[in-house]
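See structure below.
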Amino acid sequence: MTHPLTVAVLGPGGTGGLLAALLSRSGHRVICLAGEATADALRATGITVRSPQFGDFTAAVEADTELREPVDACLVTVKHTALGAALTRVPPAVLGDALVVPLLNGVEHPGTLRARYRPDRVAPAVIRVESTRIAPGVIEHGSPFTEIDLAGDAVPRARLDALAAHLTASGTTTRVAGDETAALWAKMAFLAPFALLTTRYGVPLGVARTRHRDELQALVAETAAVGRACGAPADPARALARYDAFPPAAKSSMQRDAEAGRPLELDAIGGALLRAAERHGVPVPVTARLVRELRDPAS
């Protein structure tokens with residue numbers, strides 16, 4: 001391995017906390033950026049991970065409420081609903097030449113980040129993982145996999161390759177995707193139908209894919225059509241096969257947020273899909289209805 005990195009993690013929750021702990025355990029310097037109470041907890045006790053894939057371990061991290069020095073990379077792992085407020089913790093002048101790596105749901109956030117930071121240093125990533133923060137600095141990682149697709153069409157390929165190598169060495173399976181749009185829409189094509197359907201009806205995937213099969217098929221077809229219009233390849237049949245292979249008890253993160261009374265990433269997922277559909281003139285009647293019903297349950 002080359003020299004250890006200094007990595008900031010903005011939002012050390014389920015995803016960010018897991019990556020922060022893995023990077024720290026691999027010898028990198030990690031600075032978690034969070035509110036005062038969480039930062040105090042992380043400084044005092046580090047991050048404890050309980051994981052069938054990585055084992056149970058505790059890793060020491062640094063923590064602060066704001067980035068105060070240059071880093072090699074900043075992982076942005078907050079929910080989309082908290083993005084605007086969270087970015088005030090990362091002043092552009094301090095960030096400098098660092099890679100900005102958002103691991104958010106949706107497809108519109110790279111534009112927000114490129115308007116604030118160096119556009120040629122924003123490297124959007126997609127992560128496939130089930131990981132939950134159950135308390136500040138306590139992470140339960142449930143999935144037997146942690147996979148990252150790292151992209152960034154304008155980012156120097158050597159920078160992407162180097163970060164991917166470090167992430168892989170820390171335990172994640174990380175690859176550099178050749179096409180940013182394809183990577184983001186591949187996640188969107190799976191996530192949007194899953195999130196909208198399970199949240200709208202308050203049921204796990206196994207029930208949604210049987211009881212609401214027609215709607216699932218329609219959502220998959222609509223999302224694929226929008227993705228193709230945006231320049232991303234789509235395979236509806238393969239998407240349906242993935243849903244059928246998923247554990248029947250699986251719940252989307254949006255559904256979990258709804259159950260916990262947290263703000264929904266509805267605009268980042270459903271709203272972004274509707275805006276892309278409108279731009280390209282793609283009809284998405286089922287998506288539009290579910291988004292409308294989720295926004296206004298009385299409709």
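Hydrogens, waters and symmetry mates are skipped; everything else that's a heavy atom, side chains included, is used.
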Subject >> Qualifying residues under side-chain contact (heavy atoms from CB on, under 4.5 Å), relative to Arg211, sequence neighbours excluded >> reply: Val203, Val207
Original post:
Who are the side-chain contact (heavy atoms from CB on, under 4.5 Å) partners of Thr146, not counting sequence neighbours?
Top reply: Leu18, Gln53, Phe54, Ile127, Val129, His141, Thr172
Looking at [atom1] of [X] and [atom2] of [Y], how far apart are the two atoms once the value is rounded to the nearest 0.5 Å?
X	Y	atom1	atom2	value
Thr81	Leu264	OG1	CG	8.5 Å
His212	Leu290	NE2	CG	9.5 Å
Glu147	Leu167	CD	CG	13.5 Å
Asp244	Leu216	CG	CG	7.5 Å
Thr287	Ile269	OG1	CD1	12.0 Å
Arg133	Thr77	CZ	OG1	11.5 Å

Subject >> Hydrophobic cluster of Leu33, others only, ordered by chain and residue number, side-chain cut-off 4.5 Å >> reply: Leu10, Ile31, Leu67, Val71, Val76, Val78, Leu83, Leu87, Val90, Val94, Leu95, Val100, Leu104, Leu113, Tyr117, Val122
**OP:** Please write out which residues are connected to Phe145 in a hydrophobic cluster, directly or through intermediates, given that two of Ile, Leu, Val, Met, Phe, Trp, Tyr count as joined at side-chain heavy-atom separations below 4.5 angstrom.
**Re:** none
Non-hydrogen side-chain atoms of [X] and [Y] separated by less than 4.5 Å:
X	Y	result
Leu42	Pro12	yes
Leu184	Pro124	yes
Lys79	Ser253	yes
Ile47	Cys32	yes
His166	Val7	no
Glu36	Asp40	yes
Ile139	Thr132	no
Phe57	Ser51	no

Original post:
Residues two or more places apart in sequence or in another chain: which of them pass ring pair (Phe, Tyr, Trp, His ring centres under 6.0 Å) with Phe246?
Top reply: Phe190
**OP:** List in chain and number order the residues that pass ring pair (Phe, Tyr, Trp, His ring centres under 6.0 Å) with His80, two or more places apart in sequence or in another chain; answer none if no residue qualifies.
**Re:** none
**OP:** Report the C-alpha distance between Arg159 and Asp97 in whole Å, list the side-chain angles of each, state the deciding distance to 0.1 Å, and finish with yes or no for salt bridge (charged side-chain N to carboxylate O under 4.0 Å, His left out).
**Re:** CA-CA 11 Å; Arg159 295 284 300 267; Asp97 187 53; 3.0 Å; yes
Subject >> By salt bridge (Lys or Arg N to Asp or Glu O under 4.0 Å) - contacts of Arg50 (at least two apart) >> reply: Glu140
Do you know which two heavy atoms are closest between [X] and [Y], and how far apart they sit?
X	Y	value
Arg25	Ala59	N-CB, 4.3 Å
Gly35	Thr65	C-CG2, 4.1 Å
Leu160	Ala151	CD2-O, 3.4 Å
Ala183	Ala177	CB-CB, 4.0 Å
Ser252	Phe194	N-CZ, 3.4 Å
Leu273	Ala192	CD2-CB, 4.0 Å

Can you tell me if [X] uses its side chain to pair, donor with acceptor, with the backbone of [Y] under 3.5 Å?
X	Y	result
Thr198	Pro204	no
Thr199	Ala195	yes
Thr223	Ala189	no
Glu62	Arg29	no
Ser170	Leu23	no

Between [X] and [Y] (salt bridge meaning N to carboxylate O under 4.0 Å), is one present in this structure?
X	Y	value
Asp257	Lys251	no
Asp64	Arg68	yes
Arg209	Glu215	no

Original post:
If you group Ile, Leu, Val, Met, Phe, Trp and Tyr by side-chain heavy-atom gaps below 4.5 Å, do Val30 and Val138 land in one group?
Top reply: no
Subject >> Pair Leu19-Val9, side chain to side chain contact (heavy atoms under 4.5 Å, CB included): steps then yes or no >> reply: CA-CA 8 Å; Leu19 296 178; Val9 176; 5.7 Å; no
**OP:** Take Thr15 and Ser131, measure what side-chain hydrogen bond (donor to acceptor under 3.5 Å, both in side chains) needs, and give me the verdict at the end.
**Re:** CA-CA 6 Å; Thr15 296; Ser131 187; 5.8 Å; no
Subject >> side-chain hydrogen bond (donor to acceptor under 3.5 Å, both in side chains) partners of residues 84-93, not counting sequence neighbours, each pair once >> reply: none
**OP:** Could you note down all residue pairs passing side-chain hydrogen bond (donor to acceptor under 3.5 Å, both in side chains) where residues 176-193 supplies at least one of them, sequence neighbours left out?
**Re:** Asn105-Lys187, Arg114-Glu180
Original post:
CD of Glu259: more than 12 outside heavy atoms within 6.0 angstrom?
Top reply: yes
**OP:** Output, in order, the C-alpha distance, side-chain angles, deciding distance and verdict of side chain to side chain contact (heavy atoms under 4.5 Å, CB included) for Thr168 and Thr173.
**Re:** CA-CA 5 Å; Thr168 296; Thr173 302; 5.9 Å; no
Original post:
Got a sec, which residues hit side-chain hydrogen bond (donor to acceptor under 3.5 Å, both in side chains) with Arg175, two or more places apart in sequence or on another chain?
Top reply: Asp149
Subject >> Residues that Asp120 engages under side-chain hydrogen bond (donor to acceptor under 3.5 Å, both in side chains), provided they are two or more places apart >> reply: Arg118
**OP:** Starting from the C-alpha separation in whole Å, work towards a yes-or-no answer on side chain to side chain contact (heavy atoms under 4.5 Å, CB included) for Leu294 and Leu196.
**Re:** CA-CA 8 Å; Leu294 284 165; Leu196 294 175; 3.8 Å; yes
**OP:** Applying side chain to side chain contact (heavy atoms under 4.5 Å, CB included), run through Val126 and Leu103 and close with a yes or a no.
**Re:** CA-CA 6 Å; Val126 169; Leu103 296 109; over 6 Å; no
Pairs of donor and acceptor atoms involving the side chains of residues 224-238, under 3.5 Å and at least two apart or interchain, shall be tabulated with distances.
{"residue": "Asp235", "atom": "OD1", "partner": "Ala237", "partner atom": "N", "Å": "3.3"}
{"residue": "Asp235", "atom": "OD1", "partner": "Arg238", "partner atom": "N", "Å": "3.2"}

